[in-house]
There are 2 protein chains.
Amino acid sequence: MKKDDTPTSGSTQRVTSHDVSREAGVSQSAVSRAFTPGAHISPETRRRVLDAARKLGYQPNAIARSLVTQRSGIVALIVGDLHNPFYPQALSQFAQALEARGKRALLLTHDARRDVQDTLDAASRYQIEAAIVFPTRLNNTPPNLGDVARGGVPVLLFNRHLPGQRLLSVACDNHAGGQLAAEVLLETGARRLAFIGGDPETSTHQDRLHGFMARLQQAGLAPVAAPSGAFQYDWGVQATLDLYAEGDGPDAIFGANDIVAIGVLDALRQLGRRVPQDVSVIGFDDIQESARLAYRLTTIRQPLGAMIEDALLALEDPQPSDEPRLHQGELIWRDTVRGAR
Amino acid sequence: MKKDDTPTSGSTQRVTSHDVSREAGVSQSAVSRAFTPGAHISPETRRRVLDAARKLGYQPNAIARSLVTQRSGIVALIVGDLHNPFYPQALSQFAQALEARGKRALLLTHDARRDVQDTLDAASRYQIEAAIVFPTRLNNTPPNLGDVARGGVPVLLFNRHLPGQRLLSVACDNHAGGQLAAEVLLETGARRLAFIGGDPETSTHQDRLHGFMARLQQAGLAPVAAPSGAFQYDWGVQATLDLYAEGDGPDAIFGANDIVAIGVLDALRQLGRRVPQDVSVIGFDDIQESARLAYRLTTIRQPLGAMIEDALLALEDPQPSDEPRLHQGELIWRDTVRGAR
DNA sequence: CTGAAAGCGCTTACAG
DNA sequence: CTGAAAGCGCTTACAG
C-alpha cells in the first residue's frame with residue numbers, strides 16, 4: 001500500500017521561520033526575535049510566534065544561525081581510545097558542563113597513527129569555538145599544535161602538558177601527587193619503594209615519577225626500581241611479576257595510575273604477597289574500580305569536577321602559557337597502604 | 001609590547017573560498033569544486049586552488065555547506081550517565097565508525113530527570129541526520145519518541161527496545177542470552193539458581209530474566225530468587241549478601257550484567273564462599289573489568305562491533321519496526337563457572 | 001571545464 | 001516594537 005513517493009515517507013519538509021511567520025501573521029524577523037533572548041519584541045507578538053511554532057513543530061536552525069552569528073556554539077572533544085575509564089567520565093562531565101553553558105560537544109576520535117592536526121582540521125571545518133584534547137595514548141602531539149591556537153581556535157590539553165609549547169592546559173599537579181605518594185609510603189614505614197610507570201613519553205608519567213623521586217631523595221632514598229611501560233592493566237601485572245622474580249622485591253609500590261595499580265594488586269595476590277602487610281600499594285586517579293571490595297585501593301584522586309570547570313573557564317579568555325593550570329590531588333585512604341590512619 | 005589590538009590577538013579573520021579564489025585567480029565556484037569529490041574540474045585548476053588553500057590555511061566551512069546541501073553530516077549520540085563502562089566503549093566505537101563514513105558525532109547528555117524529547121529537540125536544531133540513544137538509566141523514554149522519527153530524523157535505541165513503539169532498535173538477543181546463561185549453569189550441575197537483576201523497568205533486564213526463566217522451566221526448575229534493583233556494583237553486592245543471609249542460598253547466580261556480577265563476586269568473597277566450587281557466577285556484557293585476574297568472570301559477550309555496524313546500516317534506510325534487530329551474544333568461558341570445558 | 005548568480009535559513013543593522 | 005533587506009559562506013543548476 002504505502003508507496004515510496006507518499007509525502008509521509010521521511011521527506012517531510014523542514015519547517016522554517018518563514019512558515020512560522022506565515023502561520024503567526026508576522027514578519028520572519030519577528031519569529032527570529034521571538035527565539036532570541038533579550039531581543040526587542042512585544043509579549044503579544046512573542047506569544048503568537050511561539051504558539052505558531054509549537055503548532056508547526058518549529059525548531060530554529062542552529063546551522064543557519066551559526067553562519068550569520070559566526071558562533072557555532074560547538075566545542076570539539078577529541079579523544080583517543082577510551083580504555084582508561086578516567087576519560088569517559090571526564091568526557092560525559094565535559095559534555096554536561098558544556099550544555100549548561102548552552103554549548104554543544106562534537107566528539108572526535110583520534111588514533112595514535114594519525115596526526116592530531118588532521119583531527120583538528122576536520123573539527124575546524126565545523127567552526128568550533130574551542131577544542132579540548134584528551135591525551136589518552138597520545139604521544140605524538142605535533143609541534144605545530146600551537147598553530148591552531150593562532151588560527152583563532154583555542155586548544156586545551158586536558159591532563160597533559162607539552163613543555164615548551166604555548167598552549168592551554170589543565171592538569172592535576174602530578175609532581176605534588178608523586179611527592180604525596182612517596183610521603184604516604186615513607187610515613188607508613190616503607191623503605192624499598194618502587195614506581196611502576198605508565199607511558200614514559202607522557203607528562204603525567206614524568207611528573208609523577210619526578211615528584212616521587214624528589215621526595216625519596218629528601219629521605220636519602222632512591223627507588224629500588226622504576227620501570228615504565230603503558231597506562232594499562234596488563235603492564236601493571238607484568239611489571240610486578242618481574243619485580244619479584246628475584247630478590248626481596250619492594251615493600252611499597254606506587255602505580256602511575258589506578259589501572260596500573262590494580263594490575264599490581266592482582267599480580268601481588270597471584271604471587272601470594274599480602275597487601276598491605278607485605279607490601280603497600282598506592283595509585284593515582286581514583287577511578288570507580290578502585291573502590292571495589294576486591295581492591296580498596298588507596299589512591300590520589302584527581303579533582304575532576306574542578307579541573308573541568310577550570311578548563312572551561314580558561315577557554316573563555318584563552319591565555320596560552322608554558323605552565324599548565326594545576327589542581328591538587330586528594331589522598332583517598334583505603335586499604336592498600338599499611339597503618340592507614 | 002604586544003598590545004591587545006594587534007591583528008595577531010585571536011581576531012584572525014577566517015579565510016573563505018573567496019580569499020582562496022582571489023589568491024588562485026579563479027572563480028569562487030572553482031574553489032568549491034576543488035573541494036567537492038567528483039566535481040567537474042580540470043586537474044590544473046584543482047592544483048592551483050589546493051595550493052592557494054594550503055598557503056592561506058583554508059578549510060571549507062562545513063556549516064555553510066550544510067546549510068545549502070541540507071545534509072549536516074551530524075549524528076547525535078545521546079548518553080545518560082556513563083557509569084556502566086559498556087557504554088563509553090560503544091560511544092567511542094560509534095564515533096569512529098561515523099568518522100569512517102564521513103559523519104560527525106554530536107555528543108549530548110541526557111539526565112533522567114528530563115525528557116529525552118527535550119534533548120532530541122536540542123539536537124534537531126543542529127539538523128542532525130539521525131540520533132542514537134544509549135539508554136543508561138533511561139527508564140522514562142516518553143511515548144512520543146516516535147514523533148521525532150516522523151519529523152524526518154530517525155531515532156535508534158541502542159541496546160534497549162520499547163515494546164509497542166515503531167522505532168529503530170538494535171540490541172543483543174537478551175532472551176537467548178538469558179537462556180544460554182541458564183543452560184551453562186544447568187549443564188555444569190547447578191540446581192539452586194538465582195538471577196540478580198538490574199533496573200526492572202528496562203528491556204535488557206526483562207528479556208534476560210525471561211530467557212533465564214524459560215530455560216529453567218524446561219528443566220522443571222524455578223529460580224530460587226530473582227531480585228531486581230539497578231545495573232550497579234553496590235546493588236550486586238547487597239543483593240548477594242541478602243541472598244545468603246539465611247538458608248543455603250543459591251549454588252549459581254546469573255548477574256544481569258557484568259557490573260552486577262562483579263558485585264556478586266566481591267560479596268561472595270567477603271562471605272567466604274568459593275567461586276566456582278561453592279557457587280558459579282555468570283555475567284553479561286564482557287566489559288574489560290571482567291577479565292581482571294581478581295575476577296575472571298565467565299560471561300556472555302555482546303558483539304559490540306557488529307551491533308554498531310548494524311545500527312549504522314539500519315540508519316541508512318530506516319524501517320522502524322516493533323522488533324529490535326537482534327544480535328547473538330557469545331559465551332566467554334573464564335573461571336567463575338565450575339567444570340568449565 | 002568555467003563563472004555569474006540564486007538561494008539555503010537565519011540575524012541584525014536600518015528605517016519607520 | 002516591527003518589517004524589508006542585506007549578508008553569513010557555501011553548492012549547484014544554468015549558460016557559455
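Residue numbers begin at 1 in each chain, while the letters A, B, ... track the order of the sequences.
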Correct closest heavy-atom pair for A34(B) and V49(B) would be CB-CG1, 3.4 Å
Using atom CG of D19(A) as one end and atom P of dG9(C) as the other, report the distance to the nearest whole Å. 9 Å
Within the structure shown, what part of the strands sits under 4.0 Å from Y58(B) by heavy-atom distance: base, sugar-phosphate, or nothing? sugar-phosphate
Please report whether the ring centroid of F158(B) lies less than 6.0 Å from that of Y87(B). no
For I63(A) and for T45(B), find the nucleotide of DNA chain C with the closest heavy atom, then tell me which residue's nucleotide is more 5'. T45(B)
Will you find, in the side chains of T109(A) and Q96(B), an N or O donor that is under 3.5 Å from an N or O acceptor? no
Starting at atom NE2 of H40(B), determine the distance to atom C1' of dC1(C), rounded to an integer number of angstrom. 9 Å
Does T69(B) put a side-chain nitrogen or oxygen below 4.0 Å from OP1 or OP2 of dT12(D)? no
Any side-chain N or O of S17(A) less than 4.0 Å from the OP1 or OP2 oxygen of dC10(C)? yes
For the side chain of V68(A), starting at C-beta, report the closest nucleotide among dG3(C), dT11(C), dT2(D). dT11(C)
Any S66(A) side-chain N or O less than 4.0 Å from OP1/OP2 of dC10(C): no
Round to the nearest Å and state the distance from R65(A) atom CZ to dG9(C) atom P. 15 Å
Any S42(A) side-chain N or O less than 4.0 Å from OP1/OP2 of dT2(D): yes
What I want to find out is whether D121(A) reaches R125(A) closely enough, with some N-O distance under 4.0 Å, to be called a salt bridge. no
Looking at S29(B), I'd like to know whether one of its side-chain N or O atoms comes within less than 4.0 Å of OP1 or OP2 on dG3(C). no
Atom pair distance, as rounded to whole Å: CZ in R22(A) and P in dG9(C): 11 Å
Any non-hydrogen side-chain atom of V75(B) less than 4.5 Å from a side-chain atom of L106(B)? no
Any side-chain N or O of Q70(A) below 4.0 angstrom from OP1/OP2 of dG7(D)? no
Winner on side-chain proximity to R33(A), out of dG9(D), dC10(C), dG3(D), is dG3(D)
Under 4.0 Å: is that the gap between some side-chain N or O of Y126(A) and OP1 or OP2 of dC10(D)? no
Please report, rounded to the nearest Å, how far the P atom of dT11(C) is from the CD1 atom of I41(A). 12 Å
Identify, between S27(A) and P60(B), the residue whose nearest nucleotide on DNA chain D lies closer to the 5' end. S27(A)
Candidate nucleotides dC10(D), dT2(D), dC8(D), ranked by approach to the side chain of L67(A) - the nearest: dC8(D)
Between C1' of dG3(C) and CZ of R48(B), the distance in whole Å: 14 Å
Here the distance between atom P of dT12(C) and atom CZ of R71(A), to the nearest Å, is 11 Å
Protein-nucleotide distance (F35(A), atom CZ; dG9(C), atom P), rounded to Å: 16 Å
With the side chain counted from C-beta on, respond yes when L315(A) and I132(A) share a heavy-atom pair under 4.5 Å apart, and no when they do not. yes
dA4(C): pairing nucleotide in any strand, Watson-Crick or G-U under 3.5 angstrom: none
Please pick, from dC10(D), dG9(C), dT11(C), the nucleotide with the shortest atom-to-atom distance to any side-chain atom of N61(B). dC10(D)
With a 3.5 Å limit on both atom pairs, tell me what dA13(D) is paired to, counting Watson-Crick and G-U wobble, or say none. none
Contact nearer the 5' end of DNA chain C, comparing V31(A) with G25(B): G25(B)
Over all strands shown, is T16(A) touching base, sugar-phosphate only, or nothing at heavy-atom distances under 4.0 angstrom? sugar-phosphate
